There are 2 protein chains.
Amino acid sequence: MNPARPASDHRPPESDTGRHTPAAAAGARPGLRERKKIKTRRTIRAEAFRLFAEQGYDATTVDQIAAAAEVSPSTFFRYFPTKEDLVVTDEYDPLTLDALAARPADEPLLQSLRHAVLESLRQVVADEPDEVRQRMRLLRDVPAVRGRMAESVSSTAGALAEALSRRGGVHDVFEARVLAGAFLGAMQETVLYWSEDGGPEDLVALIERALDVLGNGLGRR
Amino acid sequence: MNPARPASDHRPPESDTGRHTPAAAAGARPGLRERKKIKTRRTIRAEAFRLFAEQGYDATTVDQIAAAAEVSPSTFFRYFPTKEDLVVTDEYDPLTLDALAARPADEPLLQSLRHAVLESLRQVVADEPDEVRQRMRLLRDVPAVRGRMAESVSSTAGALAEALSRRGGVHDVFEARVLAGAFLGAMQETVLYWSEDGGPEDLVALIERALDVLGNGLGRR
DNA sequence: GCATCTTTTGAGAGTTACTGTCATAAGACA
DNA sequence: TGTCTTATGACAGTAACTCTCAAAAGATGC
């Protein structure tokens, strides 16, 4: 692993979609700079995925990706702090948190989570239909990517716990974190299960089943 | 990260404790070779932790650790495939799985899990009382270590799911994996919560609380 | 349209965590 | 004691990053 990423002046730009860029949030359409950054980010990732498909993940170096995307290696790292981040971006998780926040506060928790997850999943699939399949393949085949996903999930847990705390029905911070951890752990396993079998069953259906299992709890078994 | 660890002829030796070494399992006391390996492993880790305490994790290089332990860098990597593995060993998880297997099959699942976790926790703490505290600190402070733990937990999920499948009360493989993921996710958050606050509350008490939350399920909230 | 100010980019040098190979040393076993 | 197996060290190589600095390019006021 890298030497634990101390403070760096490399600031990766905002998300791929433009949905979360400050300018977009402010309503005005983004300037040239913003649009160029989004394009660069897209290009880097697209070229990377193309190379991964051709040569495999490990056999593809960052230098090759940068060359293919016609940027310098420095620039690559400004956009993606690690190579694994090409595959595991944190675009998905904030989306889910937003969707969760949009649910009515008095809705049963599990139902809110179900809607939030499915809604954000729908958006991601709609946005990048091709890449989802390749992500799945990389997740299944490359240990480093799995590791990075696990790390990402674990770091999302804190944010989710906070969101849960703001809702009713949770006693304290610790309980919120346990619930968040259990939920995310279940989701992670669901995605992994789906990816391992090459996605035979519909992911949506799997998620529904997983949530049912969670709803019943571990008691009475 | 490393280039995803392809097949290597470096085989890290067995666990620290000797509990799981083949010779120990066979009843005969281990030969000189085996004892030396255990000692080397212990020395490397001890020197590493000492240096971490003195200079910090990131500031300590593998070469320094190897020098302090009086082995070559090559040998270091034969014992610990990555630097993070010094902190996050998979010694704990197999212990828990063993303990789980030892529980009566007709015991309620949650109770088996509780006993298994607490039993293995007790063993680890008894074995290496000092190192537990430092592990906790590193877990809290070093992102790379947290990442490695998340990866480790996620890889344990498969084994736990299998163990659950062999017990009654689980419908299919998928359900077992979801349960395993939820349980481990909850445990991971528990440990992180505990480490973040510097371990104010007793870890055992926290685990009990977490299991109670799991027992109640996410339904009815 | 020009001047200035800010942000992005590229170049390049350096660090470090690894991988792979081979000869040597040391325990196991007859 | 001799042979066979396994652990070790030396060494060379790779690739993922980090850091710094100067140049290029969009943004902004006039």
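In what follows, every heavy atom counts, from backbone to side chain, and hydrogens, waters and symmetry copies are set aside. As the structure is a prediction and not an experimental result, all values here were calculated from the model. In what follows, chains carry the letters A, B, and so on, assigned in the order in which the sequence lines appear, proteins first and then strands, with residues in each chain numbered from 1.
OP1 or OP2 of dA7(D) has not a single side-chain nitrogen or oxygen of Y79(B) nearer than 4.0 Å.
No hydrogens or angles considered: nothing links the side chains of T43(B) and T40(B) as a donor-acceptor pair under 3.5 Å. At a cut-off of 3.5 Å, with distance as the only test, no side-chain donor of T96(A) or D93(A) sits close to an acceptor on the other residue.
Between the side chain of D98(B) and the backbone N or O of L95(B) there is no donor-acceptor pair closer than 3.5 Å. With R41(B) contributing its side chain and Y79(B) its backbone, the two residues share a donor-acceptor pair below 3.5 Å.
Between Y57(B) atom OH and dT16(C) atom P the separation is 14 Å, expressed in whole Å. The interatomic distance linking R33(A) (CZ) with dA25(D) (P) rounds to 12 Å, in whole Å. One atom, NZ of K36(B), and another, C1' of dG27(C), lie 8 Å apart when rounded to the nearest Å. Spacing between atom CD of E84(A) and atom P of dA16(D) amounts to 9 Å, rounded to whole angstrom units. Spacing between atom CZ of F76(A) and atom P of dA15(D) amounts to 14 Å, rounded to whole angstrom units. Rounded to whole Å, atom P of dC18(C) lies 15 Å from atom CD of Q64(B). One can place CZ of R35(A) at 14 Å from C1' of dA25(D), the figure rounded to the nearest angstrom. To the nearest angstrom, P of dA17(C) lies 16 Å from CZ of R148(B).
The side chain of F77(B) approaches dC18(C) more closely than any other nucleotide in the set dA27(D), dA7(D), dC18(C). Comparing atom distances between the S74(A) side chain and each of dT8(C), dC19(D), dT8(D) picks out dC19(D) as nearest. Proximity note for K83(A) (side chain, C-beta onward) versus dT8(C), dT6(D), dA16(D): the nearest is dA16(D). The nucleotide whose nearest atom lies closest to any side-chain atom of T82(B) is, among dC18(C), dT8(D), dG27(C), dC18(C). Taking the side chain of R78(A) as heavy atoms from C-beta on, and the options dA16(D), dT9(C), dA25(D), the nearest nucleotide is dT9(C). The T61(A) side chain lies nearest to dA16(D) when the options are dA16(D), dG9(D), dT19(C).
Between S72(A) and D63(B), it is S72(A) whose nearest contact on DNA chain C lies nearer the 5' terminus. Comparing T60(A) and T75(B), the nucleotide of DNA chain D nearest to each residue sits closer to the 5' end for T75(B). Between V62(B) and L32(B), the one whose closest nucleotide on DNA chain C sits nearer the 5' end is V62(B).
Classification of R146(B) and E151(A) as a salt-bridged pair fails, no side-chain N sitting under 4.0 Å from a carboxylate O.
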